[in-house]
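The next block holds one structure in the form of structure tokens; read it before the comments.
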2 protein chains.
Amino acid sequence: MDGKPYHHGDLRSALFVAAEAELTDRGIESFSLRSVAKRAGVSHAAPAHHFGDTNGLLTALASEGFTRFQETLDAREVGATDARDRAVRAGFGYLEFAMARPTLFRLIFSSVRPDFASPDLIAAANRAYDHLVGLVTALGGHEADVIALWATSHGIADLAAGQRMRTLQGKSPAEREAMLRTVLLRCLPDQDPEFSKIPARSL
Amino acid sequence: MDGKPYHHGDLRSALFVAAEAELTDRGIESFSLRSVAKRAGVSHAAPAHHFGDTNGLLTALASEGFTRFQETLDAREVGATDARDRAVRAGFGYLEFAMARPTLFRLIFSSVRPDFASPDLIAAANRAYDHLVGLVTALGGHEADVIALWATSHGIADLAAGQRMRTLQGKSPAEREAMLRTVLLRCLPDQDPEFSKIPARSL
DNA sequence: GCCTGATCTGGTCACTGTCAAGATTAAATT
DNA sequence: AATTTAATCTTGACAGTGACCAGATCAGGC
């Protein structure tokens, strides 16, 4: 009956949830701090105390986004038969994340608004990058192979997130992944017998 | 001495030029119609008569952007020794454009603001896509090969445009392209003797 | 019980996109 | 040539935005 208490109690989390919803509803380019505040049921200036300015909130969202991104890849990698299969599955996860959360994908990989000097964001991004390097190292690959795997996975995922590749839209998830598999296998370094028997492990 | 005439004469072009400058200066996410008008020296509502709303202007910019994009690829392809070399050079052009005009690149490939139902924009985008298909067809490739070449070129270009791939930033243009060459050659379909001797032609 | 500091509100300012009404001028019509 | 028509451009308004500030509220330490 008391309406609302003056202090929310856990406004930071509430704002974070509201911000994620706003981001998926309206996209980055019309993301609004005031809308987030309204959604969370607080005054328009409340978010400033927890995230600084708008970019601060987007930076926090981006850190979380990188973590979610990596979780999606991890989930897809379980059950991989070898290092090669694991890298391909990671590519599936990349594409899955981009299609399931296109705006979050954009925030992470395309937006200039998150502050990429933020330690949290740097750490989250580095975790994902190190994981990628681990995948390629387990295949006996090197720098060029990292670039090849990353670029191809990212390219498909980005084009899919932006719905720019019509060829991909007409396909079922299974067809998409079959296509992606052939493309990715071509990108990976040649099978090195010394590595092919080692089970895939995270770096 | 007459100050400015009431009618600009060629305001549409002037706004277009100003809009391009504003886009590169401030990026898509803080692109402002009023700023464009100010830059062109007209009132804040003048652009509406030529481009409708803000998205209309961005749509026009995107059409032009696709054309410029294709021109960059074309310029790089001259002097190619064979179809294979030509596809690789197109990839160089892709990356070059992304690094030289990152915001225009983003407008074309990542933004939701241009109206992709616009006939002009569709036509410009299709021209670029058809050209890509032509490159792959000249190699004897098919759908999966189109996806492979596009995804890899796009992936590197997009990551470079967003400065997300640190490995790439430390390199000279020559080093970057050497790296890209090895990656792209791996993506292309196996050399088909029937096609390898046919000089590269546009579709 | 009081005080300090964190949390949250409400107000304000400059800026934004869009709309409507009017001023100016070019082009078409008669 | 005179007049009507239509396009161009300006001015003013409104709601929404991010950022800033002063003040209200309240939790926890003293």
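Everything quoted here is computed from the prediction, not taken from an experiment. Quick note on labels: first sequence line is chain A, next is B, and so on, each numbered from 1.
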Quiz item: Where along residues 46-55 of chain B does a heavy atom come under 4.0 Å from DNA chain C, residue by residue in number order?
Solution: D53(B), T54(B)
Exercise. Determine: side-chain N/O of R34(A) to OP1/OP2 of dT9(C), distance under 4.0 Å, yes or no.
Key: no
Quiz item: Does S32(A) make a side-chain N or O approach to OP1 or OP2 of dT17(D) shorter than 4.0 Å?
Solution: yes
Interatomic distance, [X] [atom1] vs [N] [atom2] [rounded to whole Å]:
| X | N | atom1 | atom2 | value |
| --- | --- | --- | --- | --- |
| D10(A) | dC8(C) | CG | C1' | 15 Å |
| E22(A) | dT17(D) | CD | C1' | 13 Å |
| F31(A) | dG16(D) | CZ | C1' | 15 Å |

Quiz prompt | Aromatic ring proximity F69(B)/H131(B), centre distance under 6.0 Å | solution = no
Quiz item: Aromatic ring centroids of F109(B) and Y94(B) under 6.0 Å?
Solution: yes
Quiz item: If you measure only the distance, is there a donor-acceptor pair under 3.5 Å linking the side chains of E29(A) and S111(B)?
Solution: yes
Quiz prompt | Spacing of L188(B) atom CG and R186(A) atom CZ [to the nearest 0.5 Å] | solution = 8.0 Å
Self-check item: Stepwise salt bridge (charged side-chain N to carboxylate O under 4.0 Å, His left out) test for E143(B) and K171(A)
Solution: CA-CA 13 Å; E143(B) 192 187 28; K171(A) 290 184 166 32; 3.1 Å; yes
Quiz item: What residue among I28(A), L121(A), I108(A), L57(A) forms side-chain contact (heavy atoms from CB on, under 4.5 Å) with P114(A)?
Solution: L121(A)
Quiz item: Between dT10(D), dA13(D), dC21(D), which nucleotide gets closest to the side-chain atoms of H44(B)?
Solution: dA13(D)
Exercise. May I ask you to say what R26(A) touches in the nucleic acid, namely base, sugar-phosphate or nothing, with a heavy-atom cut-off under 4.0 Å?
Key: sugar-phosphate
Quiz item: Between the two end axes of the helix from dG1(C)-dC30(D) to dT30(C)-dA1(D), each built from 5 base pairs, what angle do you get to the nearest 10°?
Solution: 10°
